[in-house]
Amino acid sequence: MAARAYWSGQIRLALVSIPVEVFAATKAGAAIRFNQIHKPSGKRIAYEKVVPGIGPIDRDAIIKGYEVEKGQYVLLEEREIEAVKIESRRTLELVQFVGSDEIDPLYFEKPYYVAPKDELAEQAFVVLREALRQSKKVALGQLSVRGSEKLVALKPCGKGLLLETLRYADEVRAGRSFFADIDDAKPEPELLDLATALIEKRTAPFDAGEFENRYVTALKALIAKKAKSKSGKAIIEDAGEPDSRGGNVVDLMAALKKSVGSEGKAPAKKAPARKAPAKKPAARKRA
């Protein structure tokens with residue numbers, strides 16, 4: 001079944017318009033979703049709309065409200081909300097370009113693939129893609145879709161383009177308050193060298209397929225066992241704690257040395273940095 005476009009319209013750069021289609025780049029994973037069940041009967045629990053002091057009510061009596069003070073609401077009808085929704089325009093205007101590394105990862109939200117809508121759009125599409133790639137820039141614009149307006153970034157992605165929705169400034173918390181109590185002191189050079197060596201030993205090309213959602217796998221296995229079980233008893237399997245290799249090690253230097261040693265021999269390019277202290281006696285002879 002062909003993928004359904006999330007948005008269809010045109011990208012506009014000055015007087016150039018490029019018909020495109022935008023598709024979701026991600027999909028729902030293998031998440032396990034549970035329902036709430038009434039244990040004695042085994043039936044699913046239903047929820048009623050209830051007003052305290054009044055009881056169950058009809059859906060027709062429900063209206064949206066915004067709390068301005070504790071217990072005080074401004075009531076809004078659906079037609080009032082619909083009236084202020086932004087019209088879903090079919091044009092994404094590229095209004096600014098920034099360096100590809102200038103946008104903090106905190107702002108990135110969700111990725112989408114962008115492809116030319118037809119063969120006639122390909123030439124302009126490819127020109128835009130390669131111009132972005134050559135200039136190492138990311139295009140910014142605002143996309144109106146489904147009644148809201150999203151800030152988006154556009155950049156090359158293989159033969160196509162990648163559109164990423166961005167969070168607005170008021171949706172991102174500043175990190176300074178969380179890091180205020182961290183000491184400004186620099187780490188000891190030897191500790192830093194050991195940590196860097198450990199990082200280099202574990203460095204490899206990224207492949208998402210190498211990682212497994214172990215929690216989902218364990219849940220699926222538990223559900224399969226429980227489905228086959230006739231006793232109805234709980235099945236408790238302790239996953240255990242990960243190997244700490246020595247527990248809580250207070251000596252950071254010893255822990256890093258042990259970690260680096262357990263990874264095998266250090267990279268050859270790091271050897272000169274560790275042997276450097278042995279050359280100090282030669283300096284004393286010149287004194």
Side-chain angles (χ1 to χ4, degrees), residues 1-35 78 81-82 85-98 100-168 171-172 205-217 219-220 223-224:
M1 185 176 179
R4 183 179 178 183
Y6 167 76
W7 183 85
S8 179
Q10 56 185 2
I11 295 173
R12 182 181 295 166
L13 175 58
L15 299 178
V16 179
S17 294
I18 310 168
V20 298
E21 288 183 314
V22 176
F23 301 90
T26 59
K27 60 181 181 179
I32 302 295
R33 293 179 174 85
F34 295 103
N35 295 309
E78 281 297 331
I81 297 173
E82 288 293 327
K85 280 187 176 180
I86 295 174
E87 183 184 353
S88 294
R89 302 182 184 91
R90 292 298 176 187
T91 301
L92 170 58
E93 186 85 31
L94 303 183
V95 297
Q96 185 183 348
F97 296 85
V98 300
S100 57
D101 58 349
E102 286 186 36
I103 304 175
D104 192 303
L106 281 169
Y107 288 94
F108 289 106
E109 193 174 40
K110 191 173 181 180
Y112 296 85
Y113 293 130
V114 183
K117 193 169 185 177
D118 49 46
E119 290 185 7
L120 294 176
E122 277 191 24
Q123 183 181 19
F125 181 90
V126 170
V127 170
L128 174 61
R129 181 196 69 198
E130 292 307 303
L132 289 171
R133 181 169 281 143
Q134 185 172 311
S135 62
K136 297 181 180 179
K137 300 291 184 184
V138 173
L140 298 179
Q142 287 178 285
L143 185 72
S144 57
V145 59
R146 297 177 184 174
S148 64
E149 191 168 48
K150 299 180 180 295
L151 177 63
V152 301
L154 196 68
K155 62 185 179 183
C157 177
K159 293 170 65 176
L161 291 169
L162 186 70
L163 180 146
E164 293 180 274
T165 56
L166 303 175
R167 297 179 177 90
Y168 286 97
E171 297 177 286
V172 177
F206 174 70
D207 180 3
E210 293 292 323
F211 297 86
E212 176 190 9
N213 190 331
R214 292 171 292 183
Y215 175 63
V216 170
T217 301
L219 271 180
K220 285 181 176 179
I223 292 169

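Remember, predicted model here, so these are calculated numbers, not experimental data.
The salt bridge (Lys or Arg N to Asp or Glu O under 4.0 Å) test applied to Glu78 returns Lys64, not counting sequence neighbours. Qualifying salt bridge (Lys or Arg N to Asp or Glu O under 4.0 Å) partners for Glu93, counting only residues two or more places apart in sequence or in other chains: Arg12. For Thr91, the side chain to side chain donor-acceptor pair (under 3.5 Å) test picks out Gln10, with sequence neighbours left out. The side chain to side chain contact (heavy atoms under 4.5 Å, CB included) test applied to Val127 returns no partner, not counting sequence neighbours. Annotation: side chain to side chain contact (heavy atoms under 4.5 Å, CB included) contacts of Ser135 (sequence neighbours excluded): Lys137. Taking Tyr107 as the reference, nothing meets the side chain to side chain donor-acceptor pair (under 3.5 Å) condition, with sequence neighbours excluded. Every residue meeting the side chain to side chain donor-acceptor pair (under 3.5 Å) condition with Asn35, not counting sequence neighbours, appears here in chain and number order: Arg44. Listed by chain and number, the residues in a side chain to side chain donor-acceptor pair (under 3.5 Å) with Glu122 amount to none (sequence neighbours excluded). Residues that satisfy the side chain to side chain contact (heavy atoms under 4.5 Å, CB included) test with Glu164, not counting sequence neighbours, are Phe108, Pro111, Lys155, Leu162. Contacts of Val126 classified as side chain to side chain contact (heavy atoms under 4.5 Å, CB included), with partners at least two apart in sequence or in another chain: Arg129, Glu130. Glu109 is linked by a salt bridge (Lys or Arg N to Asp or Glu O under 4.0 Å) to nothing, counting only residues two or more places apart in sequence or in another chain.
You'll find the side chain of Leu132 reaches within 4.5 Å of the side chain of Leu161, heavy atoms only. In this structure, Leu219 and Phe34 have side chains that are in contact, with non-hydrogen atoms separated by less than 4.5 Å.
Of all heavy-atom pairs spanning Leu166 and Ala153, the tightest one is CD1-CB, 4.0 Å. Here the shortest heavy-atom pairing between Tyr168 and Leu151 reads OH-N, 3.3 Å. Across Arg133 and Pro156, no two heavy atoms sit closer than the pair NH2-CB, 3.4 Å.
Note that CG of Leu154 and CG of Leu13 are 10.5 Å apart. Values are rounded to the nearest 0.5 Å. The CD1 atom of Ile223 sits 4.5 Å away from atom CD1 of Ile32, with the distance rounded to the nearest 0.5 Å. For the atom pair Trp7 CH2 and Lys150 NZ, the distance stands at 13.5 Å (nearest 0.5 Å).
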Distance-only criterion, 3.5 Å: show the donor-acceptor pairs between side-chain atoms of residues 112-119 and protein atoms not counting sequence neighbours.
residue	atom	partner	partner atom	Å
Lys117	NZ	Ser8	OG	3.2
Asp118	OD1	Leu120	N	3.2
Asp118	OD1	Ala121	N	3.0

(request) Using the side chain to side chain contact (heavy atoms under 4.5 Å, CB included) rule, take Leu92 and Leu163 through it: C-alpha gap first, then chi angles, then the decisive distance, then the call. (result) CA-CA 11 Å; Leu92 170 58; Leu163 180 146; 3.8 Å; yes
Exercise. Can you check side chain to side chain contact (heavy atoms under 4.5 Å, CB included) on Val22 and Leu143, steps first, answer last?
Worked result: CA-CA 11 Å; Val22 176; Leu143 185 72; 5.6 Å; no
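Within a 6.0 Å sphere centred on CD of Glu171, heavy atoms belonging to other residues, nucleotides or ligands number more than 12.
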